[in-house]
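Input: a single structure, listed below in structure tokens.
A, B, ... follow the sequence lines: proteins, then strands. Residue 1 opens every chain.
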Amino acid sequence: MNKFPFQVKAGGLLQTALLRFASKAEIQRYHRSLSPFARQATTIIREAVEFTRLAAKRWRYYASSGEAAESLANLQRKVQRDSTCEVAFIMVATIRRERHDLPVGLAYCRRTWCHHLALDFLALHPHALGQRERVRGVGSGIVFGLVQLARVLRIPRIWGEATVNSAPFYEKLLAIRPVKDLFIIEAPEMAAIAERQKKISDPILVSPTTGGLP
Amino acid sequence: MDYHNGMTAKRTKPVSLEELWDYEDKNPVVFASPRALAEARLIARLERTKRNHRDAQANGDSHRHKAVAA
């Protein structure tokens, strides 16, 4: 139950991506995979690298005081022990590529004291932003993964601060206007997000387990 | 629902996944909460300061400082 699937399109084909809890080692791996992109000229890739590095540092800081989780079971244990605890965790999205998992994005989240889920960072990996082979649908897919996680944990609300750049995305995703500096995803929005993913009619050509084309 | 009903926000016609993906293609999803970003930058600065201090100690700078003070 650590993995939450969603659909993306890579190379014109539908593919199943997986959103899962990142362990410390996975966060380090993800961090290292950014190095080739660190000096890229485009602002969006520079921001993707910077936000991810900062999210990783913030996670390490929380982890050093025992306030971070590396798995669903780990998060559930912490909540069982203290129902008002605040726990940070990073969810990493990957797709299968030539027998290995290629990171395509991440979300930095916090389970808040009142059992809500705060989304602090949502950033695509430069792999998914490439002009040559863009992976489509990673951002909205990650949010769908978080909706699945919220349902498992019976979290009634996902929320976050919206900015001038992100507000239009959340307006489209949630079919609500206007979204100002706060977005809230509750049961009706969660249902709509899940319904939209379900509507993908194309057959799934690549499964997360087999990796290649059938 | 209650929250959104209580605000001035209105529900709009839902967009399809394809439309949403088209939007994401043109407007890449790279978002950070401003407060979280500020906190993370502060943590990064703190780490840098600690590292510099550790490096300085390892290089024997602290001994030199003591010698100067004496």
Legend entry - Smallest separation among heavy atoms of B:A40 and A:F121, with atom names: CB-CZ, 4.1 Å
Legend entry - Toward chain B: residues of residues 50-63 of chain A with heavy atoms under 4.5 Å: A:E50, A:F51, A:L54, A:K57, A:R58, A:R60, A:Y61, A:Y62
Legend entry - For the student: nearest non-hydrogen atoms of B:V30 and A:L129, plus distance: CG2-CD1, 4.2 Å
Inset, instruction - Could you check which of A:A107, A:A128, A:P168 has the highest count of heavy-atom pairs closer than 4.5 Å to chain B? - result: A:P168
Inset, instruction - Could you check which of A:A48, A:S140, A:G139, A:A118 has the highest count of heavy-atom pairs closer than 4.5 Å to chain B? - result: A:S140
Legend entry - Per-residue contact mode, A:A192 against chain B (heavy atom under 4.5 angstrom): neither
Legend entry - A:T163 portion near chain B, given a 4.5 angstrom heavy-atom threshold: side chain
Inset, instruction - Salt-bridge test for A:R134 and B:E24: reply yes if a basic N is under 4.0 Å from a carboxylate O, no otherwise. - result: no
Legend entry - Gap between atom OG of B:S33 and atom CG of A:L122 - 0.5 Å precision: 12.0 Å
Legend entry - Shortest non-hydrogen contact from A:A175 toward B:P14: CB-CA, 3.9 Å
Inset, instruction - Under 4.5 Å heavy-atom distance to chain B, tell me which part of A:F144 shows up: side chain, backbone, both or neither. - result: neither
Legend entry - Salt-bridge contact B:R11-A:E189 (side-chain N to carboxylate O under 4.0 Å): yes
Inset, instruction - Identify which of A:D181, A:D120, A:N165 forms the greatest number of heavy-atom pairs closer than 4.5 Å to chain B. - result: A:D120
Legend entry - Derivation of the salt bridge (Lys or Arg N to Asp or Glu O under 4.0 Å) call for B:E18 and A:R136: CA-CA 9 Å; B:E18 268 300 328; A:R136 305 183 71 208; 3.4 Å; yes
Inset, instruction - Identify which part of A:L173 has an atom lying under 4.5 Å from any heavy atom of chain B, answering side chain, backbone, both or neither. - result: both
Legend entry - When B:D25, B:V15, B:L20, B:L37 are compared by non-hydrogen pairs under 4.5 Å with chain A, the top option: B:D25
Legend entry - Residues of residues 44-53 of chain B within contact distance of chain A, non-hydrogen under 4.5 Å: B:A44, B:L46, B:E47
Legend entry - Reported CZ-to-CZ distance for the pair B:F31 and A:F183, which is rounded to 0.5 angstrom: 9.5 Å
Legend entry - Interatomic distance, B:L17 atom CG to A:K198 atom NZ [nearest 0.5 angstrom]: 14.0 Å
Inset, instruction - Go through the atoms of B:E19 and report whether side chain, backbone, both or neither lie under 4.5 Å from a heavy atom of chain A. - result: neither
Inset, instruction - Below 4.5 Å from any heavy atom of chain B, which atoms of A:V179 appear? Answer side chain, backbone, both or neither. - result: neither
Inset, instruction - Look at the aromatic rings of B:Y23 and A:F169 and report parallel, tilted or perpendicular, splitting at 30° and 60°. - result: parallel
Inset, instruction - Under 4.5 Å, counting heavy-atom pairs only, tell me which of A:Q197, A:E161, A:E47 racks up the most with chain B. - result: A:E161
